[in-house]
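Remarks on the structure that follows.
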Amino acid sequence: AKITRGEVRFNNVSFGYVADSPVLQDLSFVAAAGKMTAIVGASGAGKSTLVALLQRFYDVEAGSIEVDGQDILEVTKQSLRRCIAYVSQQPYL
Ligand SMILES: Nc1ncnc2c1ncn2[C@@H]1O[C@H](COP(=O)(O)OP(=O)(O)OP(=O)(O)O)[C@@H](O)[C@H]1O
Ligand SMILES: [Mg+2]
């Protein structure tokens, strides 16, 4: 499926890097297509983690992430990542 609008939806997403140490718990939100969305929170709150999940560097433990109504697990990583421009917090040359 082609991503054409860019709405991002997190549905009850839970994730942790190590067992029994959740970083995101039951997180739901919609970032509307064509709008700028800011995600704010304390250091370590999980902001970069949710962007990593959106790019499928990791996969959710529970819940789902949709782009334009399409579960990101159901499209190729290539087609997903083609739609994302990412400026990293810690850039590497
Ligand atoms: N690769 C990793 N392996 C294990 N734990 C990690 C990893 N990356 C992040 N964490 C942990 O996950 C939690 C969320 O980290 P994350 O980097 O998503 O926070 P952040 O909101 O982006 O913080 P900051 O404002 O400092 O960028 C923190 O407790 C962090 O230590
Ligand atoms: Mg961060």
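Since this is a predicted model, take the numbers as computed values, not measurements. We count ligands from 1, going down the list as the structure has it; atoms in each ligand are counted the same way.
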Summary of side chain to side chain donor-acceptor pair (under 3.5 Å) pairs that have at least one residue in residues 15-25, sequence neighbours excluded: Tyr17-Thr49
For Ala45, take its heavy atoms, then give the atoms of ligand 1 lying under 4.0 Å from any of them. 19 (O), 21 (O)
Taking Asp71 for the side chain and Glu66 for the main chain, is one N or O donor matched with an acceptor at less than 3.5 Å? no
Count up the protein N, O or S atoms sitting under 2.8 Å from the Mg ion (ligand 2), would you? 2
Nearest 0.5 Å please: distance from the CD1 atom of Ile39 over to the CZ atom of Phe10. 7.0 Å
Out of all atoms in ligand 1, which are within 4.0 Å of some heavy atom of Thr49? Include the element for each. 14 (C), 15 (O), 16 (P), 18 (O)
Can you tell me which residue among Leu53, Asp26, Leu50 is in a side chain to side chain contact (heavy atoms under 4.5 Å, CB included) with Val13? Leu53
Tell me which one of Phe15, Tyr17, Tyr58 gets a heavy atom nearest to atom 3 (N) of ligand 1. Tyr17
Do any N or O atoms from the side chain of Arg9 and from the backbone of Gly69 form a donor-acceptor pair under 3.5 angstrom? no
Close-contact set for ligand 1 against Ala42 heavy atoms, below 4.0 Å: 21 (O)
Under 4.0 Å from any heavy atom of Val23, which atoms of ligand 1 are there? 12 (O), 13 (C), 14 (C)
Are any of the protein's heavy atoms under 4.0 angstrom from atom 14 (C) of ligand 1, yes or no? yes
Can you name the nearest heavy-atom pair linking Gly6 to Val67, along with the distance? CA-CG1, 4.5 Å
Check for me, please, whether Phe57 and Val51 land in the same ILVMFWY cluster - side-chain distances under 4.5 Å, paths through other members count. yes
Sequence neighbours excluded, the answer for salt bridge (charged side-chain N to carboxylate O under 4.0 Å, His left out) partners of Asp59 is Arg56
Using a 4.0 Å cut-off to any heavy atom of Gln89, which atoms of ligand 1 qualify? 24 (P), 27 (O)
If Ile, Leu, Val, Met, Phe, Trp and Tyr residues are connected whenever their side-chain heavy atoms lie under 4.5 Å apart, and connections chain through other members, are Phe29 and Leu54 in the same group? yes
Residue, atom and distance of the protein heavy atom nearest atom 28 (C) of ligand 1 read Gly44 O, 3.7 Å
Return a table of donor-acceptor pairs under 3.5 angstrom between the side chains of residues 40-47 and protein atoms on other chains or two or more places apart.
unit_1 : atom_1 : unit_2 : atom_2 : d
Lys47  : NZ     : Gly41  : O      : 2.9
Lys47  : NZ     : Ala42  : O      : 3.1

Are Ile72 and Tyr86 connected into the same hydrophobic cluster when the rule is that any two of I, L, V, M, F, W, Y join if their side-chain heavy atoms are below 4.5 Å apart? yes
Is there a path of hydrophobic side-chain contacts, each under 4.5 Å between heavy atoms, that joins Leu73 and Ile84? no
Residue, atom name and distance, where the atom is the protein heavy atom closest to atom 26 (O) of ligand 1: Ser43 OG, 2.6 Å
Ligand-residue contact atoms, ligand 1 with Ser48, heavy atoms, under 4.0 Å: 17 (O), 18 (O), 20 (P), 22 (O), 27 (O)
Option set Gly46, Gly16, Gly41, criterion heavy-atom distance to atom 19 (O) of ligand 1, minimum: Gly46
Around atom 25 (O) of ligand 1, find the nearest protein heavy atom and jot down its residue, atom name and distance. Lys47 NZ, 2.7 Å
